[in-house]
Amino acid sequence: MPLSPNSRFYTPPPPPGSVQQAVSLLKAGDFKDAARLAEMITTPQAVWFTGGTPGQVTRSVRDTVQRAKQAHRVPVLVLYNVPGRDCSQYSSGGAGSDPAYLAWIDGVVKGLGDEPAVVIVEPDGLANLPSDCPGAYPGGDIAALTAGRIADIKYAGEQVESHDVRSSVYLDAGHSAWHSAGDMSSRLYQAGVGGVQGFSLNVSNYQFTVNSDDYGTWLSDCLALATPVNSAGSAVNAGDFGDCGDEYYNGGPATNWAGGAMNPYAQWSSGNPDLTLNTAGVESRYALLLGTVKPTAHFVVDTSRNGNGPNNMATFANPPFNQPANVISSLAGGNWCNNPAAGLGVKPTASTGVPLLDAYLWVKTPGQSDGQCDIAGGARAWDYTVYNPWNWNATQQAQNDPLWGIQDPAAGAWFPQMALALVKQANPQL
């Protein structure tokens, strides 16, 4: 179901640990930060469903949608329980088998009933297929696991969409600095995006909002270009997702094909004189190939932590972090994790002004940790002296995470230092 631009979103109860931090700030006389933290945790954000039995998830989903109904708000629900999720990384887990997952989805559907909801299906589930990380599934049949993952996500989208006609369902599509537009569109197509409202972007990530807007538009363009049946009755190039313009080959001026890779560490635009930030090449290619065919897939963007864009590793070579080159190099492979330079982004709204973009949402719960992020997946022991970014005059021995100087909390746990950074560095400001 299309999402109304007048939609107002549900605010769930504050995350565990958040109220205690606000009280501690008040007791310390830090009224400004206490107020900003209170504003953050009372802003509409998603509710995540990550496990339990079918009966348990039915009750949890029903409780959430009923609370939202009483508040006259639309809840945002995240389904995050697909088998083998997150390639055995910080948020690994999920249902024990494909049949168990399908039963769990049936439980979700039962809990939804016919209430309105935004439902985001499996963050990174399509972007991190088993075929992308075969080493995480030793001894497994990677082709079968990949096909099973796609089938699971397709089932989830189809079941929610068909049983709750008042829901708006979005299959997750990673973010603008990950898979090419053609690759991601092909995955969405295989997972049945044509049967739901669309797809979600930037969940738990930090990519600039405008870059996500552009990437989402290109995914929709690519789906219209290559999906065998579209609004015109047939595809322009049926099945040829490789012909789609994308952020790795077509950036730069409007040459329709020749171009280069785009830089994710600054904001893109069609008239940017820096050709690594110029979207005209991608846009002109779609205009040339699509002709009168109109894209139809809609999307939403997570803006919970992207106010300052993604980590640029070079930032951490400078004060207050002062990290050596070997740490910077190692960090580059995990730049999504608990970014100390991050700030809250645009507040949730269903009035975006961008065609096909249904809403900006806070999907990742801001203030919760991404996981106990080390440098290269090995021993968590570091011996670098760094500046503590929360006490500019103090130094300390960094343990585990050299940017924070502490062991990061487990995934989903409240991270007080991160929460404080997000509100202080919010863009727009709180």
I want to check something: taking the side chain as every heavy atom from C-beta on, are [X] and [Y] in contact at a cut-off of under 4.5 Å?
X: Q159; Y: V108; value: no
X: V76; Y: I120; value: yes
X: F415; Y: N338; value: yes
X: T43; Y: T11; value: no
X: P15; Y: I41; value: yes
X: W178; Y: N128; value: yes

Check: [X] side chain, [Y] main-chain N or O, donor-acceptor pair, under 3.5 Å:
X: N250; Y: D246; answer: yes
X: S4; Y: N6; answer: yes
X: W268; Y: V210; answer: no
X: Y286; Y: G245; answer: yes
X: H179; Y: A127; answer: yes
X: E247; Y: M262; answer: no
X: S304; Y: W362; answer: no
X: R36; Y: L430; answer: no
X: N205; Y: H175; answer: no
X: N306; Y: Q207; answer: yes

Nearest 0.5 Å, what's the [atom1]-[atom2] distance between [X] and [Y]?
X: L356; Y: L219; atom1: CG; atom2: CG; result: 11.0 Å
X: Q197; Y: L3; atom1: CD; atom2: CG; result: 7.5 Å
X: D98; Y: L145; atom1: CG; atom2: CG; result: 8.0 Å
X: S131; Y: I150; atom1: OG; atom2: CD1; result: 7.0 Å
X: D124; Y: S200; atom1: CG; atom2: OG; result: 9.0 Å
X: S204; Y: R305; atom1: OG; atom2: CZ; result: 5.5 Å

* Structure fact -> In short, salt bridge (charged side-chain N to carboxylate O under 4.0 Å, His left out) pairs touching residues 134-157 with sequence neighbours left out are none
Testing the basics here: between [X] and [Y], what is the closest heavy-atom pair and its distance to 0.1 Å?
X: L201; Y: D172; answer: N-OD1, 4.3 Å
X: S369; Y: A410; answer: CB-O, 3.5 Å
X: Y206; Y: A342; answer: CE2-CB, 3.6 Å
X: A117; Y: L77; answer: CB-CD1, 4.3 Å
X: Q21; Y: A419; answer: OE1-CB, 3.7 Å
X: Y215; Y: S180; answer: OH-O, 3.8 Å

* Single hit among P310, S269, S176 for side chain to side chain contact (heavy atoms under 4.5 Å, CB included) with N211 -> S176
* Heavy-atom count around R8 CZ within 6.0 Å, excluding the residue itself: above 12? -> no
* More than 12 heavy atoms of other groups within 6.0 Å of Q429 CD -> no
* Test log, rule side chain to side chain donor-acceptor pair (under 3.5 Å), inputs D358 and Y170 -> CA-CA 10 Å; D358 289 346; Y170 303 89; 2.6 Å; yes
* To do: Go through the structure and list residues passing side-chain hydrogen bond (donor to acceptor under 3.5 Å, both in side chains) with E122, not counting sequence neighbours.
  => Y101
* For T279 and E283, what are the C-alpha separation, side-chain angles and deciding distance, and is it a side chain to side chain donor-acceptor pair (under 3.5 Å)? -> CA-CA 6 Å; T279 61; E283 292 161 0; 2.8 Å; yes
* Structure fact -> Residue pairs passing the ring pair (Phe, Tyr, Trp, His ring centres under 6.0 Å) test with at least one member in residues 182-202, sequence neighbours excluded, are Y189-F241, F199-F299
* For a side chain to side chain donor-acceptor pair (under 3.5 Å) with Y360, tell me which candidate from T303, D213, N202 qualifies. => D213
